[in-house]
Structure formats: structure tokens, C-alpha cells
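Below: the structure, in C-alpha cells.
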Amino acid sequence: MKAGLAEKLAQLPNAPGVYFHQDARGEIIYVGKAASLRSRVRHYFQRSRARDAKTEALAAEIADTDWMVAASEAEAVFLEAEMIRRYLPRYNLLLRDDRSLVYVRIDYASDYPTVSLTHQPQDDAARYFGPYLSAWSVRRALTVLRRVFPFATRRPAGAKRPGLSCQLGLDPGLEFGRTRLEDYRANLRRLMAFIGGRRAGLERALEREMRRRAGARDFETAARLRNQLFALRELGRRVSFSETSFPDLAKDHALRELIPLAGLQEVPRRLEACRAGAPGAAITFVVFINGAPARAEYRRFGPPHRRAAGLGAALKRRFRQVGKLPGLVFIEGGPEELRAALAARDECGRSGIPFLGLSDPENQLLIPPPGPDPIAQGETVRAAVTAANAGEFIQARAPVNSNLAKLLRRIREESRRFARAEE
């Protein structure tokens, strides 16, 4: 073991969180979660007869490790799932057993909504979250969240009196009239907001509703919302999905690789990706905060008559809005789209916001001048620089398995998903 790695392991906290193992090239090869980062991460560097051959192979490849601290195991479960989707570590696939991935299913539109786990999402009206690698971990997380957001796990058949879960306040008791369907669905919306990473917005909405109910002298509902708000805060702050709660962005390898490429001074906290679909389609914006999707802040504009003209108009509307500005914007498309986007940006007086074109193939970027020479960035982005549009933009291609390429792929997938959902 390297001396530097040994010193880093000595700093591991006895707290829940997510850890990242890297190989000698700096590629993240495994993402895991732990109730205690100190004991779990050190396990990989100790000889043990209980480990299988795949885990031994993983341990032999580990050259460095990093971690993010979470406030609870429940939050670490969802953070781990997002980081696995981001980095696609090869050992997470190799070490997974033969069981299918698991999804959280919430049949919100039903007349008796339930929350359950499933291995096979169906084409129905239910909401699905996932996939997650460990059903046991998700069940444990939902057990914690159920104390904050009570939900039913199944529709009771012929029950004549409330069961234990209902008596403990874990089940809303819909069939016995203890909760109205409207209030139960509002509670499920809060649960889905938490799972979807919209923690900060959820707390603000709860506080506003609590004050509104108190002002209307509905003190019983206001007290319930107050208790829910306090319980939610007791879970601690979500470390990846809140713009202010991320402890150390310098540990995010993909975001760090954007600094020299886009000519940034620091790691960009807020990324936006603008997508112009086919003619007549809307212009969509997806937002990543600290490298994770912030779905509550997605926006759409349009539809435009002409693709490039519509893109420029949408960007003008976006940058004239009062609100948080991005640290970096990706424009999906080719030179024409990027040229229109840059003109709109400059016209709005936002020339200080860096833009990059995200074009095909998926790990290829267009860098507007004056931009850093990707060749000079060494291992960060090994790029083949060619002339595009008479030398107007630099073409840079990130290595297929690099952390940056995986982040770009994740952004593009989320952008396409949102664009399809809005069609």
C-alpha cells in the first residue's frame, strides 16, 4: 500500500457515506456505500478469508480511494445509486449477483396508492425510481423514510380494524378514513421529491404549507407538517443533491476534469444542458447540481419554428430570468447550434458563462475560442484536435472510459429522457 493511501485511510470518518475506489489510471472502478466508512473501506486493505475471488481482484487493483459523507444510511443508498449511474464502474457489474436490479414502485394515481419494490418495471401509470443494486439496502432506506412519510405497502383485504403499522403511524389508514386520499397523495409527492433528490425544495414547500395551514387556523394539519419537517431535517442534509450541502466538490473526478477543458477557475457546481430536438419540438434544459440531476429545475421553451433560431430565443429567455446562473452550459448539437447559443448568450450580457458544444459521437465536445488546447491537458482529455467550420471550434474527444466521458453520457441520457417525456 502506498504511504499516501495509508495516510488517507487514517482519516476515514466513522460515519455513513459512499466511497470510490480508483485504479492506477485514476478511473473509478467501484462505488459502494457504508454505515461506517472507516470500517468498510479499510476492509478492502486487510487480508480476509471471507472474500471471494472477484473482491480479491478488486482489492488488488485499488490504487486510491475517496469518499463522501452522508448523514444517514437512507441517504447513502440513493447517493450510491446516482454515482453508479454516473461512473458506470466495471466492478459494480462484476460483483453484482445474478438477481435483477430493483426499483421503487409508487402507484400514485391508484385509488389506494402503495409503495413497493419490483424487479420488472411495467408500462403502467405507476412512478418508478431506480434501478438500485441492493434490494436489502433500499428496504432499509424506505423503513427510515416511512417514519417521515407514512405509506401503505399493500392494499388490505377485508381488514376490520387498523393493523399495527397504522397504529404506529407508519400507514396512513386510508381504508379507515384516518387520512384523506388527497392528503395521502400530497405525502407521496413529498416522498418522491426526497427520492428524486429535491430535498431543499421539499423543506421549503413544507414550511410554506405549514405556515399557510396555521394562518388558516388548521392547527392539526400544521402540527403534522411541522413534525414532518422536523423529522426530515433530522435525517441530515443530502450531500450530493443539494447545491449548498456538498462537502468537497474537489473529490468529484468528472467535474474536476472540466476545469482545464472549459477554462474554469473552479469546479462548476451547476451544469445545464440545452437540447433542441427536431423542428417543431420544444427546447429543453436539464440541470445537474454537484454532478447529480436536479429534476425540479428542469425547464422547457418552445416549440420553435426553426431549430437554431428557436434555440437562441430559448437561451435569451433563460438568461433573462432572475435566478441561479450555471457555471457551465452544454449545447447539444453541432456548430450551427453552438454558434446560435453563443450569440444569444453574448446578447444577454452573459459572456462570462462558458459554453461547450456536446456533439456526436457522445464523448465529443466543441470548444469555442478562445479555449484551452485540449492536447496540452495531457491525461485529462486526450483529444484529436481537428478544424471544424474553418477552424471556428476545437473538437475534443474524451477517452471512452474516462470519468468525463461517463458524466457527458449521463447528461446526454437525462437530456434525451426529459425531451421524450415532454413530447
Side-chain angles (χ1 to χ4, degrees), residues 254-277 282-289 291 294 297-302 304 306-321 323-374 377 380-381 383 385-398 404-405 407-412 414-416 418-419:
L255 293 178
R256 196 167 60 212
E257 290 174 4
L258 283 171
I259 294 177
L261 186 65
L264 303 173
Q265 298 298 316
E266 59 184 4
V267 174
R269 285 185 173 272
R270 183 185 181 96
L271 305 176
E272 294 188 11
C274 178
R275 178 181 180 82
I283 308 295
T284 56
F285 288 81
V286 298
V287 180
F288 277 60
I289 294 177
E297 304 201 31
Y298 290 6
R299 295 292 182 268
R300 65 187 298 269
F301 299 96
R306 289 186 301 152
R307 182 172 178 175
L311 176 63
L315 281 163
K316 290 177 185 177
R317 290 174 61 187
R318 162 66 186 95
F319 288 123
R320 285 169 181 161
Q321 293 177 341
K324 298 170 183 175
L325 295 176
L328 177 63
V329 177
F330 292 100
I331 302 298
E332 292 194 58
E336 180 184 1
E337 285 74 25
L338 182 55
R339 192 183 307 111
L342 290 170
R345 179 199 66 178
D346 296 343
E347 186 176 335
C348 294
R350 302 293 189 183
S351 57
I353 300 176
F355 276 34
L356 292 176
L358 189 56
S359 61
D360 291 324
E362 294 189 355
N363 58 339
Q364 181 168 289
L365 294 168
L366 296 178
I367 305 176
D373 185 349
Q377 306 308 324
T380 301
V381 179
V385 179
T386 59
N389 268 8
E392 182 178 3
F393 301 119
I394 297 173
Q395 288 185 342
R397 182 176 300 177
L404 176 58
L407 173 61
L408 298 178
R409 191 177 308 130
R410 178 79 173 107
I411 291 173
R412 186 188 289 268
E414 187 66 7
S415 181
R416 287 175 175 173
F418 181 61

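Predicted, not measured: the structure shown is a model, and the values here were computed from it.
A distance of 12.0 Å separates CG of Leu404 from CZ of Arg256, quoted to the nearest 0.5 Å. Separation of atoms CD1 (Ile331) and CZ (Arg339) is listed at 13.5 Å; rounding is to 0.5 Å. Atoms CZ and CG, from Phe393 and Leu356 in turn, are 11.0 Å apart once rounded to the nearest 0.5 Å. Separating the CG atom in Leu342 from the CZ atom in Phe355 is a distance of 6.5 Å, to the nearest 0.5 Å. If you take CD on Glu347 and NZ on Lys316, they are separated by 3.5 Å, rounding to the nearest 0.5 Å.
Contact record, Ala262 with Leu328: CB-CD1, 4.0 Å, taken as the closest heavy-atom pair. Of all heavy-atom pairs spanning Arg317 and Phe301, the tightest one is CZ-CD2, 3.2 Å. When all heavy atoms of Leu315 and Ala344 are compared, the closest pair comes out as CB-CB, 4.0 Å. Between Leu311 and Glu337, the shortest heavy-atom contact is CD2-O, 3.3 Å. Between Gly334 and Leu366, the closest heavy-atom pair is C-CD1, 3.8 Å. Gly327 approaches Pro354 most closely through the heavy-atom pair O-CG, 3.2 Å.
Between Tyr298 and Glu414 the shortest side-chain heavy-atom distance falls below 4.5 Å. Considering only heavy atoms from C-beta on, Phe285 stays 4.5 Å or farther from Val329 through its side chain. Under the 4.5 Å side-chain criterion, counting only non-hydrogen atoms from C-beta, Leu271 is in contact with Leu255. Phe288 is not listed as a side-chain neighbour of Pro326, based on a closest heavy-atom distance of 4.5 Å or more. Within the 4.5 Å cutoff, the side chain of Arg299 has no heavy atoms near those of the Thr284 side chain. With a 4.5 Å cut-off on side-chain heavy atoms, Arg270 and Val287 count as touching. Contact of the Leu365 side chain with the Leu358 side chain is registered, since non-hydrogen atoms from C-beta on lie closer than 4.5 Å. Using a 4.5 Å heavy-atom threshold, the side chains of Arg275 and Arg416 count as touching.
Judged purely by atom type and a 3.5 angstrom limit, Arg350 uses its side chain to pair as donor or acceptor with the backbone of Phe319.
With sequence neighbours excluded, no residue satisfies salt bridge (charged side-chain N to carboxylate O under 4.0 Å, His left out) with Glu266.
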